[in-house]
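Below is one structure, written out as structure tokens; the observations come after it.
Computed over heavy atoms, backbone and side chain alike; hydrogens, waters and symmetry mates excluded. Quick caveat: nothing in here was measured; it's all calculated off a predicted structure.
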Amino acid sequence: MDISRHLGVLRRYALVLTRNSERAEDLVQEAALRALEGAHTWQDGNDLRKWLLAIVHNTHASRCRRKHTESAAEAAIAAQAIRAQAPNQTDRVSLGETVAALMTLPEEQREVLMLVAVEGMSYRDAAECIGIPLGTLMSRLSRGRAALRAAADQDAPAPHLRLVR
């Protein structure tokens with residue numbers, strides 16, 4: 001099978017499809033490669049030029065679908081990037097300072113703060129969980145909150161740690 005005598009018509013057709021000489025040449029090369037790889041599918045006696053032009057057409061259609069799919073994926077990624085936010089560094093520093101201050105508290109205050117402020121447990125559930133009376137839990141929680149505020153040297157707690165129910 002000699003495709004070299006059909007290269008001119010393939011290039012012209014590819015140029016009409018792509019409207020760009022470089023892309024047309026790439027298309028012809030890819031189509032020629034596909035033709036050589038699929039030479040076993042061509043039947044003697046059939047029109048070789050028509051078969052080659054069909055390969056150019058199908059190769060071009062495949063490229064267009066691929067380009068459309070890639071463009072859609074890029075648009076989706078760009079949309080995700082727009083919605084994404086950089087972390088607020090001030091909040092991260094405040095959170096780090098609050099956690100460091102929390103770790104300096106006595107264990108009895110740390111555990112109640114963890115259960116109520118961080119895990120969001122009700123006072124009653126937290127008291128039952130650690131086996132202490134509700135009043136004791138509330139007292140420890142109050143002392144722990146006050147100690148955290150004093151350690152942070154501010155009137156309100158850090159924004160990421162809910163210290164008030």
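Interatomic distance, CG of L36 versus CD1 of I3, reported as 4.5 Å (0.5 Å rounding). Taken from NE2 in H6 to CG in L53, the straight-line distance is 9.0 Å, to the nearest 0.5 Å. Here the CG atom belonging to L10 is positioned 12.5 Å from the CG atom belonging to L15, to the nearest 0.5 angstrom. Note that CG of L141 is 12.0 Å distant from OG1 of T136, once rounded to the nearest 0.5 Å. Remark: C129 SG to R124 CZ distance equals 14.5 Å, nearest 0.5 Å.
A donor-acceptor pair under 3.5 Å links the side-chain atoms of S71 to the main chain of K67, judged by distance alone.
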Residues 23-32, side-chain donor-acceptor partners within the protein, below 3.5 Å, at least two apart:
{"residue": "R23", "atom": "NH2", "partner": "T18", "partner atom": "O", "Å": "2.9"}
{"residue": "E25", "atom": "OE1", "partner": "R11", "partner atom": "NE", "Å": "3.0"}
{"residue": "E30", "atom": "OE1", "partner": "R63", "partner atom": "NE", "Å": "2.7"}
{"residue": "E30", "atom": "OE1", "partner": "R63", "partner atom": "NH2", "Å": "2.8"}
{"residue": "E30", "atom": "OE2", "partner": "R34", "partner atom": "NH2", "Å": "3.1"}

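Within the 4.5 Å cutoff, the side chain of Q43 has no heavy atoms near those of the W51 side chain. Annotation: side chain of W42 is not in contact with side chain of L52 (no heavy-atom distance under 4.5 Å).
For D44, there are no side-chain hydrogen bond (donor to acceptor under 3.5 Å, both in side chains) partners, not counting sequence neighbours. Evaluation of the side-chain hydrogen bond (donor to acceptor under 3.5 Å, both in side chains) rule for S139 yields R143 as partners, not counting sequence neighbours.
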Decide side-chain contact (heavy atoms from CB on, under 4.5 Å) for E108 and I132; before the verdict, give the C-alpha distance in whole Å, the side-chain angles of both, and the deciding distance to 0.1 Å. CA-CA 11 Å; E108 63 185 22; I132 61 173; over 6 Å; no
Run the side-chain contact (heavy atoms from CB on, under 4.5 Å) check on Y13 and H60 step by step: do they pass? CA-CA 11 Å; Y13 184 53; H60 176 69; over 6 Å; no
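Nearest heavy-atom pair, L105 versus G144, reported as atom, atom and distance to 0.1 Å: CD1-O, 3.9 Å. Residue Q109 comes nearest to V112 through the heavy atom pair O-CG2, 3.3 Å, listed as atom of the first residue, atom of the second, then distance.
V9 and L33 end up in different hydrophobic clusters when Ile, Leu, Val, Met, Phe, Trp and Tyr side chains are linked at under 4.5 Å. Transitive grouping of hydrophobic side chains (ILVMFWY, heavy atoms separated by less than 4.5 Å) brings L7 and L17 into a common cluster.
In the displayed structure, R66 atom CZ is contacted under 6.0 Å by more than 12 heavy atoms of other residues, nucleotides or ligands.
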